Structures are given as C-alpha cells and as structure tokens.
Amino acid sequence: EYASTVQFLASVEWGEGRRAEAEKLAREALAVFRRVPGDPRLCHALTFLAGCSLAMKKPDDARRFADESIALARRRLDLAATVQAEQQQL
C-alpha cells in the first residue's frame, strides 16, 4: 500500500524533526487516500495533517483538516448507526 507507506514515512520524518518533509509526505498520502472512496485511513491522514499544521503555526490549515476529519468521522458513525438499526429490524 503506497499511501500507507508514505503516511508512515511522514510520521517518521515528523519524529526526526523534519517537519517540512513530513508535511509534504502527509499531503501526498492524503491525496492518494482521497482517490479511494470510503477509505477509513483518510480520517487518520486528515487528523495527522491537522496536528502537523497546528504545530507548524498554520492554524487555518489545522482547522480545515480537523473540520474535514470530524465531518468524515460523523458521516461514518451515522452510516454505521443506520446499518445497525436496519439489521436490528430484520
């Protein structure tokens, strides 16, 4: 999985203090995850970028990524609740 590997490398770069490279890799992984409808790793990639952005003093980017991640997580929870309710009716 290319995007997962790139996301992992972004985490490693971040841990090593290479923030600009980490952000670049994280954005690359995010772009790939966006191309796969329903990929649950998209939420993680958005959250990682929100944290990176906040630490790099980019509050507008941090807010945008965090808001998107929260909205995506809520949609997934709503879908899961709907599926569960339908299964209970069977």
Side-chain angles (χ1 to χ4, degrees):
E1 293 255 341
Y2 174 77
S4 293
T5 301
V6 172
Q7 182 70 42
F8 175 75
L9 289 173
S11 297
V12 171
E13 293 293 326
W14 186 264
E16 294 293 320
R18 294 185 288 270
R19 292 181 169 189
E21 184 62 22
E23 181 184 28
K24 177 183 164 204
L25 290 167
R27 286 178 183 270
E28 183 178 341
L30 178 63
V32 175
F33 288 138
R34 285 188 191 282
R35 291 192 296 244
V36 181
D39 193 322
R41 296 168 297 181
L42 176 58
C43 198
H44 174 72
L46 288 163
T47 301
F48 181 80
L49 270 168
C52 289
S53 297
L54 189 60
M56 295 175 71
K57 310 284 192 238
K58 298 178 180 182
D60 293 338
D61 285 350
R63 170 62 93 174
R64 185 171 44 86
F65 290 128
D67 285 347
E68 186 178 352
S69 180
I70 290 166
L72 178 61
R74 285 184 177 146
R75 284 193 303 273
R76 293 181 62 80
L77 285 173
D78 289 346
L79 177 61
T82 300
V83 168
Q84 184 176 15
E86 289 175 0
Q87 288 176 344
Q88 290 177 350
Q89 290 179 358
L90 295 177

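Quick note: numbers below take in every heavy atom, side chains included, and nothing from hydrogens, waters or symmetry partners. Predicted, not measured: the structure shown is a model, and the values here were computed from it. Position 1 is the first residue of the sequence; numbering continues from there.
- Here Phe33 contributes atom CZ and Leu46 contributes atom CG; the two are 10.0 Å apart, rounded to the nearest 0.5 Å.
- Salt-bridge formation is not detected for the pair Arg19/Glu23: no Lys NZ or Arg NE/NH1/NH2 atom is positioned less than 4.0 Å from an Asp or Glu carboxylate oxygen.
- Between Ala62 and Ala50 the shortest heavy-atom distance is CB-O, 3.4 Å.
- When every heavy atom of Ala22 is checked against every heavy atom of Ala10, the shortest pair comes out as CB-O, 3.3 Å.
- Atom-to-atom distance recorded for Leu72:CG and Asp39:CG is 9.5 Å, nearest 0.5 angstrom.
- The pair Asp60-Arg63 fails the salt-bridge criterion, with no side-chain N (NZ, NE, NH1 or NH2) lying under 4.0 Å from an Asp/Glu carboxylate O.
- Applying the salt bridge (Lys or Arg N to Asp or Glu O under 4.0 Å) test to Lys24 and every residue at least two apart in sequence or in another chain returns nothing.
- Remark: Leu25 CG to Phe48 CZ distance equals 9.0 Å, nearest 0.5 Å.
- To the nearest 0.5 Å, atoms CZ (Arg35) and CG (Leu30) are separated by 10.5 Å.
- The structure places SG of Cys52 at 9.5 Å from NZ of Lys58, a figure rounded to the nearest 0.5 Å.
- Annotation: the span from Leu49 atom CG to His44 atom NE2 amounts to 9.5 Å, rounded to 0.5 Å.
- Counting heavy atoms from C-beta on, the side chains of Val6 and Val32 never come closer than 4.5 Å.
- Between Glu1 and Arg41, some side-chain heavy-atom pair lies under the 4.5 Å cut-off.
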